[in-house]
Protein chains: 4
Amino acid sequence: MLRIGVLTGGGDCPGLNAVIRSVVRTASAHYGSEVVGFRDGWRGLLEDRTTPLDIAAVDGLLTRGGTTLGSARVAPERISNELPQMKDVLATHGIDVLIPIGGEGTLTAAHLLSQAGVPVVGIPKTIDNDIDETDLTFGFDTAVSIATEMIDRLHTTAESHQRVLLVEVMGRHAGWIALHAGLASGAHLTLVPEEPFDIEDVCRLVSERFARGDSHVIGVVAEGATPRPGTMDLRDGGVDEYGHRRFTGVAQQLGAELERRTGKEVRTTVLGHVQRGGTPTSFDRVLATRFGLHATIAAHKGDHGQMVALRGTEIELVPLEKAVARLKTVTPSRLAETAAFTG
Amino acid sequence: MLRIGVLTGGGDCPGLNAVIRSVVRTASAHYGSEVVGFRDGWRGLLEDRTTPLDIAAVDGLLTRGGTTLGSARVAPERISNELPQMKDVLATHGIDVLIPIGGEGTLTAAHLLSQAGVPVVGIPKTIDNDIDETDLTFGFDTAVSIATEMIDRLHTTAESHQRVLLVEVMGRHAGWIALHAGLASGAHLTLVPEEPFDIEDVCRLVSERFARGDSHVIGVVAEGATPRPGTMDLRDGGVDEYGHRRFTGVAQQLGAELERRTGKEVRTTVLGHVQRGGTPTSFDRVLATRFGLHATIAAHKGDHGQMVALRGTEIELVPLEKAVARLKTVTPSRLAETAAFTG
Amino acid sequence: MLRIGVLTGGGDCPGLNAVIRSVVRTASAHYGSEVVGFRDGWRGLLEDRTTPLDIAAVDGLLTRGGTTLGSARVAPERISNELPQMKDVLATHGIDVLIPIGGEGTLTAAHLLSQAGVPVVGIPKTIDNDIDETDLTFGFDTAVSIATEMIDRLHTTAESHQRVLLVEVMGRHAGWIALHAGLASGAHLTLVPEEPFDIEDVCRLVSERFARGDSHVIGVVAEGATPRPGTMDLRDGGVDEYGHRRFTGVAQQLGAELERRTGKEVRTTVLGHVQRGGTPTSFDRVLATRFGLHATIAAHKGDHGQMVALRGTEIELVPLEKAVARLKTVTPSRLAETAAFTG
Amino acid sequence: MLRIGVLTGGGDCPGLNAVIRSVVRTASAHYGSEVVGFRDGWRGLLEDRTTPLDIAAVDGLLTRGGTTLGSARVAPERISNELPQMKDVLATHGIDVLIPIGGEGTLTAAHLLSQAGVPVVGIPKTIDNDIDETDLTFGFDTAVSIATEMIDRLHTTAESHQRVLLVEVMGRHAGWIALHAGLASGAHLTLVPEEPFDIEDVCRLVSERFARGDSHVIGVVAEGATPRPGTMDLRDGGVDEYGHRRFTGVAQQLGAELERRTGKEVRTTVLGHVQRGGTPTSFDRVLATRFGLHATIAAHKGDHGQMVALRGTEIELVPLEKAVARLKTVTPSRLAETAAFTG
């Protein structure tokens, strides 16, 4: 019997609530353990704001988007500077193991705590799918599904009006959402951060499609896509208070340039937050539930300093250290697959 | 046995293809009549570009978004100036009755042709639901459904991060989409063109919700919403080549102002073209199919100069003249209903 | 300021929770009135089981299927026999007006109470759309949407295997769901209770479609559909304890007969309870919310013995007496519309 | 430059058309190769019925359910007996490599042809996910998604009426669909073929849930689930003409028995063919597209006698011989995961 702490860090993500439910159900039904939730991510741990989590508290969470614990971004320095206070708070609540659920930032913080001697089992979470050492993260399938469904809808509008339609999707510094949504929706063009685009290539593709009688062009543009240096000016968004590069509406700027250069009518849709909210797909619910189950088992077995990961069909444990060493970005072989369907 | 011409004018709209299918099936199966489609709206009639429409040509159209005939906007003057040429083209193809499917502009043009002696039966189409004399137009239910589904998704994100989320929806000069999507999604605030908003009221509502412990605010903003004169500056978009006022991203501007004044985190999502594409809802498929059926019956009965309309549960005919006399905007009693759920 | 009682009777229906929320929000926010819920329909009133309903209690109900108050069927005699006890319970709780939400049975009971002097405002509810004096009831659009989505899926299977696929949909003694789902999904055949079918006509339609090279046949069969007497044997299901005729799987029996007579492969899907559960469509959420609002206004205005109804675009009041005089079934003109798309 | 033959065998499956499109686009755009489709699975090859497949022929197939080539079941003996004729037909059409897309039966036949010297690259397809040597097959995610969405809907009905709801899902001799849909929908009970159920355990679970005040029970029952011998009688469906055991409606029989033994109201829904039709999920579209791409690359590289397979995040080749050696059924460790959420 343990006392387990749970927190959800970073942006919200479909499946977070399903993980929380899974941790609580596994901990209480199978180990008779107690679970305490920290509110608003690391901030709850820094500021000692908690909420008890029992089986009644997680009823109905499986299908609900967002996170019932709340989430907030915290500057990375604050985590490293205030480690002692965080350990005090954990001690006050008698927490035996902490299960932080989050993306790169949260897992890096989890690793810091682990190095500082706190028993930690991390759970990777991000719609962007950019966490290394796991085949997939929950939230990604939901984001791709929504983007695909929206792009399906745009096809008929583009066809009816012989237009170019650019759709900007999320993904931060990785092109996974764009890549999958592009393949799934039959996009004619997919731009990802991993391969800077040449505006002239884009114009050529558009012109060639119309020249051979095609009715429209659908382009999927990752928010992190950038032009090859010197080929097109893109406003510089600078960096935010956490040191992340700000995205600046690349699709909008590309669309204007494209319209100017090709003379074709271009429309842009920025999908935005709809990609990260709402009920998770069945795929993400299963993955989130399994992550929560295995993290809780690991917590009780004493497999600390680890992160749960999907490898093939199984959930395995990988050292947090390896998982946070680098971001997982789109590989050349995956880019080649998408290139096969471009045009 | 007649030869019927069909065209689809204005922006695309879920259900257009369902109407085309319905007209063709009714005309050929029940009257042995032939149907000719004009391509790209009135432009096809002005430029004599046609396509034959038989039962095989409309196979599978019931569920498909967009319009297989294409659509394009044409300046209203061109319609009135080139009436004689259009009558010539109709004569060349031996068209007995023309069935134009479209919104305000298309139906006004239809009325012109009708006055000029062309047998016409109009079918109202618009996601905006702003055509008078009919309870509803097809496309509207699909647009509201998509907007509602997207807003459902935004609720959980807003909750998880204690944010204000503004969603800009379509509707042009009418607030119907905003009104229905707002009611359907439990928005805390709905802004429509029919009632200019006061930025201070909006700020107060936001502050009061957070003050009494509510986790978030969802606002639905019609693209045509405007601030009460003198209360907030809104960029002027001018008018487009067809004389329509250009929308200028009111939600984005309101969001910035709101963030500045209340200090709360505000995010804006502009749903854009996803609201008008893709497969129609079952409601819109039924309405589109019934409109096509009754327009074709009217065409054969000689009930010309009319528009089909939904009145209660029945499809009736109304004079085109009455239908185009004014836009149907949100009534005070409907505004009062929405006000009952504000806050 | 009043005390209002609410109950939900009969089968569950998407939108019930949205009505409850609307009644509570309107009553408390606009009139400062209190709302008491009776549990499990009339049974809660007969057995004095209540639950207080305040704004916190209805949070999140807009999108949730089912009824938070529970529902149960009660034999009609019990209602008429135990009127005095019910009046006592209402008096005990100080209920000024009762708002029963339900279908034919519930509204008939509401009428009885009204005649016995209880102030009542009824709200019509049924996925079957068979309540008279209102254009539509909430729940119906959701049921039709689900059925249509499922039939869309069956089309491709039927095509791939050159099969006949029969889909049994709900609707009890009315064919509305079948009629709308059939039109919306492009069914080749729709069988409703209002027009008994001739097995030979059905066989002929199937054979003719395959004979002229069509790939498949989709038939929508209302659960209440029956063969014309003497043309095909249908098991008799007898009546249930409430005096309702039991449905006996007409689609399954028709499918077997059809396979035997035509030699074609026939598959049957009975959609069942999925048609009545889950989140309501945006259409039903709006209708349910407006019904709740106007019923609460009527309750406060003293417009008792009435039922709220959709007439065109407006919510009006009709006497309960008129509303329960007869079931609304599919009219000949609507049957003719569907016939135009048969084959 | 090659001539490639394609056929789709067995039951239809979301994603088949996406594979066909992918093969044709890859073959023609990247290798200048030609593709010939055989109609109705192996029957087209046995009876020499073909259709040319070029880029225009596969336009729009990505999102369409079913298979444009048709499919039909063929007795396994016919394949082995008529190998010479099939080789003749392949020779007549100058087919260099055959790409059969199908499940266990089709891949076994593909293996036979390969052993007989025909260059073959197989593509695994089944909603049941029971093909060995690949992490997943396309169609499975769509089937699980639909089942989950339907079970989500049933939850609210079951709650409102305090019922037991049993949902029978597909999967043949494997419990994968039941397992994933059960986890994804928060079912209280999941019965799969891999672990025969004890009717007394099921009754106990149901009674315990109601005894501790839970409102309802949702059970997911795989069509291949069976009672532990001697614990409950199940009708014997015998075997069909292909030697497969016929399923006999286990959910219906279990429901009746459960109602008899526990006295609780039980309803059963058999999801049926809706699980295998309609547009594939984005997940399945991506997997199907990648399978088609890599199979076509293998065909051109001379990697014959192989099957494409998903391993982790990559598409790899595995010998057909290994892939068809046994069915992939649910493992004990996966059963244990589900057991953790039972009750």
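Please read these numbers as outputs of a predicted model, since none were measured by experiment. Chain A is the first sequence line, chain B the second, and so forth, proteins listed ahead of strands; every chain is numbered from 1.
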Is there a donor-acceptor pair closer than 3.5 Å between any side-chain N or O of Thr137(A) and the backbone N or O of Thr126(A)?
-> yes
Report yes or no: does Arg209(D) contribute a side-chain atom to a donor-acceptor pair with the main-chain N or O of His216(D) at less than 3.5 Å?
-> yes
Using only heavy-atom distances, determine whether the side chains of Thr281(A) and Asp141(A) contain a donor-acceptor pair under 3.5 Å.
-> yes
With only heavy atoms counted, which part of Asp152(D) is less than 4.5 Å from chain A, the side chain, the backbone, both or neither?
-> side chain
How about Thr289(A) and Ser22(A): does a side-chain donor come under 3.5 Å of a side-chain acceptor?
-> no
At their closest point, which heavy atom of Gly292(D) faces which heavy atom of Ile123(D), and how far apart are they?
-> CA-CD1, 4.1 Å
Among side-chain atoms of Thr68(D) and Asn17(D), is any donor-acceptor pair under 3.5 angstrom?
-> no
Within the distance-only criterion (no hydrogens, no angle test), does the side chain of Ser33(D) pair as donor or acceptor with the backbone N or O of Leu2(D) below 3.5 angstrom?
-> yes
Quick one: do Thr313(D) and Asp135(A) satisfy side-chain hydrogen bond (donor to acceptor under 3.5 Å, both in side chains)? Show the steps, please.
-> CA-CA 6 Å; Thr313(D) 61; Asp135(A) 286 355; 5.1 Å; no
So which part of Thr63(D) gets closer than 4.5 Å to some heavy atom of chain A, the side chain, the backbone, both or neither?
-> side chain
Backbone N/O of Ala174(D) and side chain of Asp130(D): donor-acceptor pair under 3.5 Å | no
Let me see the working for Thr296(A) and Ile4(A) under side chain to side chain contact (heavy atoms under 4.5 Å, CB included), right down to the final yes or no.
-> CA-CA 9 Å; Thr296(A) 310; Ile4(A) 291 179; 4.2 Å; yes
May I ask you to decide if Leu310(A)'s main-chain N or O and Glu316(A)'s side chain share a donor-acceptor pair within less than 3.5 Å?
-> no
Interchain contact, Ser145(D) with chain A, by part (heavy-atom threshold 4.5 Å) | both
Does anything in residues 183-191 of chain A get under 4.5 Å of chain D by heavy atoms, and if so which residues?
-> Leu183(A), Ala184(A), Ser185(A), Gly186(A)
Donor-acceptor pair, side chain of Asp284(A) and main chain of Gly139(A), under 3.5 angstrom | yes
Part of His294(D) within contact of chain A (heavy atom distance under 4.5 Å) | side chain
For chain D, the option from Arg25(A), His155(A), Glu149(A) that forms the most heavy-atom pairs under 4.5 Å | Arg25(A)
Check: Leu136(D) main-chain N/O paired with Thr134(D) side-chain donor or acceptor under 3.5 Å = yes
Under a 4.5 Å heavy-atom criterion, the part of residues 328-343 of chain A in contact with chain D comprises Ser333(A), Arg334(A), Glu337(A), Ala340(A), Phe341(A), Gly343(A)
Side chain, backbone, both or neither: which part of His180(D) has a non-hydrogen atom closer than 4.5 Å to chain A?
-> both
Where on Arg311(D) is there a heavy atom nearer than 4.5 Å to chain A: the side chain, the backbone, both, or neither?
-> neither
Engaged part of Glu314(D) at the chain A interface, taking heavy atoms whose separation is under 4.5 Å | side chain
